[in-house]
Amino acid sequence: MIVKTLKATNRNGDSITFGRHFRLIEGFDLSNLTAAVNYSSSTMDGATYQNTRLDVRDFDLAFFIYNDYQDKWWVEEKRRELFKVFNPKQNPIRLDFETKGGESYYINANAEGTPSLPQGFENDNRAWQKGLIQFTCDDPFIYSTLETVEEVASWIPAFEFPLEIVEGGIEMGYRNPSLIKNVPNDGDNETGMIIEFKALASLSKPSLINVNTYEIFKLNTDMIGGDVIRVNTMTGQKSVILIRNNVQTNIFNKVDLLSKFLQLAPGDNLFRYDAASGIDNLEVRMKFRDRFVGV
């Protein structure tokens, strides 16, 4: 895959952008992701399919430093930039790239060692210094840079400027009448998300139900006006945080025992919001990024 831009940023925030002094040799190949397909055997012919697990993603980044006949100190400075950014002790390294078609993605990768900078005239001369970095991604998915935000429950503004107030007043806004919202996932796999419950006034026990699977996420707590509860359902990152008066509090213990940390399946996902009381005071927002096995 030929990319338009590529930027690497390590855990410490150090970054390198490929394109001017650092240039790719062979593009940016993220294809050929392997998988472990599991079967079970029986007395019958063949086998029965069980599941599929994606393997880690391995790939190389072949590049060169374009010397443009610069002095030795300049080349050494660029080498130091490479070692600083692609330091395995600063894993994971986020690789942001834009395709020729204008789509933007990123992948989190781990450098398997420091950059290899081979010697010899073919690799190191007055015009260029070739290099190679080997990566492994424990999370094999490629993520869309664009975050999708879906308002499941919200108030909709009902006026615009220039504003003319007629006799009897005007409606400043109205409640979205639908309790059910379709949230499409355009990615290749299910994904977690950030669910935000916001209270406009007092309410009790907010919840979100997946209409397709009948799974529910429910909180056994009361909310007052201005409260925001932020729920992270992503694998390995699950959390439930109450934000009240700019103070964050862990309220994981308020999660109902029958709750599921909801996921978005590929395609359409129907969700319904609810509350034990004060449902009209509840706003619900979902944030997520599509993830792909290849682009």
Subject >> I229 and I243: CA distance, side-chain angles, deciding distance, side-chain contact (heavy atoms from CB on, under 4.5 Å) verdict >> reply: CA-CA 6 Å; I229 297 178; I243 304 171; over 6 Å; no
Subject >> side-chain contact (heavy atoms from CB on, under 4.5 Å) evaluation trace for I195 with Y273 >> reply: CA-CA 11 Å; I195 305 170; Y273 66 94; over 6 Å; no
Subject >> Stepwise side-chain contact (heavy atoms from CB on, under 4.5 Å) check, N110 with F135 >> reply: CA-CA 5 Å; N110 299 311; F135 290 103; 6.0 Å; no
Original post:
Where do K181 and E150 land on the side-chain contact (heavy atoms from CB on, under 4.5 Å) test, with the steps shown first?
Top reply: CA-CA 9 Å; K181 171 78 172 184; E150 294 284 354; 3.2 Å; yes
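Between the side chain of N10 and the backbone N or O of V85 there is at least one donor-acceptor pair closer than 3.5 Å. Checked by atom type and distance alone, the side chain of T99 pairs as donor or acceptor with a backbone atom of E103 at under 3.5 Å. No donor-acceptor distance shorter than 3.5 angstrom exists from the side chain of N125 to the backbone of Q129, with no hydrogens or angles considered.
Between the CD atom in E151 and the NZ atom in K198 there is a gap of 9.5 Å [rounded to 0.5 Å]. Note that OG1 of T148 is 7.0 Å distant from CG of D186, once rounded to the nearest 0.5 Å. Atoms CG and CG, on D290 and N189 in that order, are 11.0 Å from each other to the nearest 0.5 Å. Atom CG of D274 is separated from atom CZ of R272 by 5.0 Å, given to the nearest 0.5 angstrom. K100 NZ to K4 NZ: the interatomic distance, rounded to the nearest 0.5 Å, is 7.5 Å. Note: R80 CZ to E76 CD = 11.0 Å, rounded to the nearest 0.5 Å.
Placement of L82 and W74 within a single hydrophobic cluster is found when ILVMFWY residues are connected by side-chain heavy-atom separations under 4.5 Å, directly or transitively. Under the 4.5 Å side-chain contact rule for hydrophobic residues, M193 and L282 share a cluster. A continuous path of Ile, Leu, Val, Met, Phe, Trp and Tyr side chains, each step under 4.5 Å between heavy atoms, connects V255 with L208, placing both in one hydrophobic cluster. Put simply, F63 and V75 are part of the same group of oily side chains (I, L, V, M, F, W, Y) that touch within less than 4.5 Å, one to the next. Cluster annotation: L242 is connected to L219 through the hydrophobic network of ILVMFWY side chains, with a link wherever side-chain heavy atoms come within less than 4.5 Å.
Residue pairs meeting the side chain to side chain donor-acceptor pair (under 3.5 Å) criterion with at least one member in residues 249-265, sequence neighbours excluded: N220-D256. A side chain to side chain donor-acceptor pair (under 3.5 Å) check over residues 227-247, counting only residues at least two apart or in different chains, returns the pairs E196-R230, D227-R244. Evaluation of the ring-ring contact (aromatic ring centres under 6.0 Å, His included) test over residues 195-217, restricted to residues two or more places apart or in two chains, returns F217-F261.
Evaluation of the side-chain contact (heavy atoms from CB on, under 4.5 Å) rule for T17 yields K7 as partners, not counting sequence neighbours. When the salt bridge (Lys or Arg N to Asp or Glu O under 4.0 Å) test is applied to R291, no partner is found at least two apart in sequence or on another chain. With sequence neighbours left out, A47 forms a side-chain contact (heavy atoms from CB on, under 4.5 Å) with Y39. Taking the side-chain contact (heavy atoms from CB on, under 4.5 Å) definition, one finds that V3 meets it with M1, L6, L24, F28, F97, sequence neighbours left out. Residues satisfying the side-chain contact (heavy atoms from CB on, under 4.5 Å) criterion with I216, sequence neighbours excluded, are S207, I209, K218. Listed by chain and residue number, Y105 satisfy the ring pair (Phe, Tyr, Trp, His ring centres under 6.0 Å) test with F292 (two or more places apart in sequence, or in another chain).
Seen from the ring of Y106, R94 counts as a face-on cation partner, given the 6.0 Å and 45° thresholds. Both the sub-6.0 Å distance and the 45° axial angle are satisfied by R23 relative to the ring of Y66.
Side-chain atoms of C137 and I107, non-hydrogen and from C-beta on, do get closer than 4.5 Å to each other. With a 4.5 Å cut-off on side-chain heavy atoms, N87 and T114 do not count as touching. Side-chain contact between R79 and L117 is present, with heavy atoms from C-beta onward closer than 4.5 Å. Under the 4.5 Å side-chain criterion, counting only non-hydrogen atoms from C-beta, I251 is not in contact with I241. Side-chain contact between F141 and N108 is absent, with no heavy atoms from C-beta onward closer than 4.5 Å. Taking the side chain as every heavy atom from C-beta outward, M223 and S202 never approach each other to under 4.5 Å. Counting heavy atoms from C-beta on, the side chains of E283 and L200 come closer than 4.5 Å. Residues R285 and V152 are not in side-chain contact: their nearest non-hydrogen atoms beyond the backbone lie 4.5 Å or more apart.
No side-chain donor-acceptor contact under 3.5 Å links N212 and N269.
When hydrophobic residues (I, L, V, M, F, W, Y) are linked wherever their side-chain heavy atoms come within less than 4.5 Å, V149 remains an isolated member. Hydrophobic cluster membership for F121: none, as no Ile, Leu, Val, Met, Phe, Trp or Tyr side chain comes under 4.5 Å of it.
Residue-environment remark: NZ (K205) stays at or below the threshold of 12 foreign heavy atoms within 6.0 Å. The 12-atom threshold is not exceeded at NZ of K84, counting heavy atoms of other residues, nucleotides or ligands nearer than 6.0 Å.
Here the shortest heavy-atom pairing between L203 and G278 reads CB-O, 3.5 Å. Scanning all heavy atoms of the two residues, the minimum distance from G187 to P266 falls at O-CB, 3.8 Å. When every heavy atom of T191 is checked against every heavy atom of R289, the shortest pair comes out as OG1-O, 3.8 Å. The minimum heavy-atom distance linking N185 with F288 is given by the pair CA-CE1, 4.5 Å. Between A111 and I93, the shortest heavy-atom contact is CB-CD1, 4.0 Å. Residues I142 and G294 share a closest heavy-atom pair of CD1-CA, 3.9 Å.
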Going by atom type alone, with no hydrogens or angles, which donor-acceptor pairs under 3.5 Å involve a side-chain atom of residues 50-60 and a protein atom two or more places apart or on another chain?
from : atom 1 : to   : atom 2 : distance (Å)
Q50  : NE2    : S40  : OG     : 2.7
N51  : OD1    : N38  : ND2    : 2.6
T52  : OG1    : Y49  : OH     : 2.7
D55  : OD2    : T34  : OG1    : 2.8
R57  : NE     : P140 : O      : 2.8
R57  : NH1    : L30  : O      : 2.4
R57  : NH2    : P140 : O      : 2.8
R57  : NH2    : V293 : O      : 2.8
D58  : OD1    : T136 : OG1    : 2.7

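In this pair, F18 and F86 present their aromatic rings tilted. The plane angle is within the 30 to 60° band.
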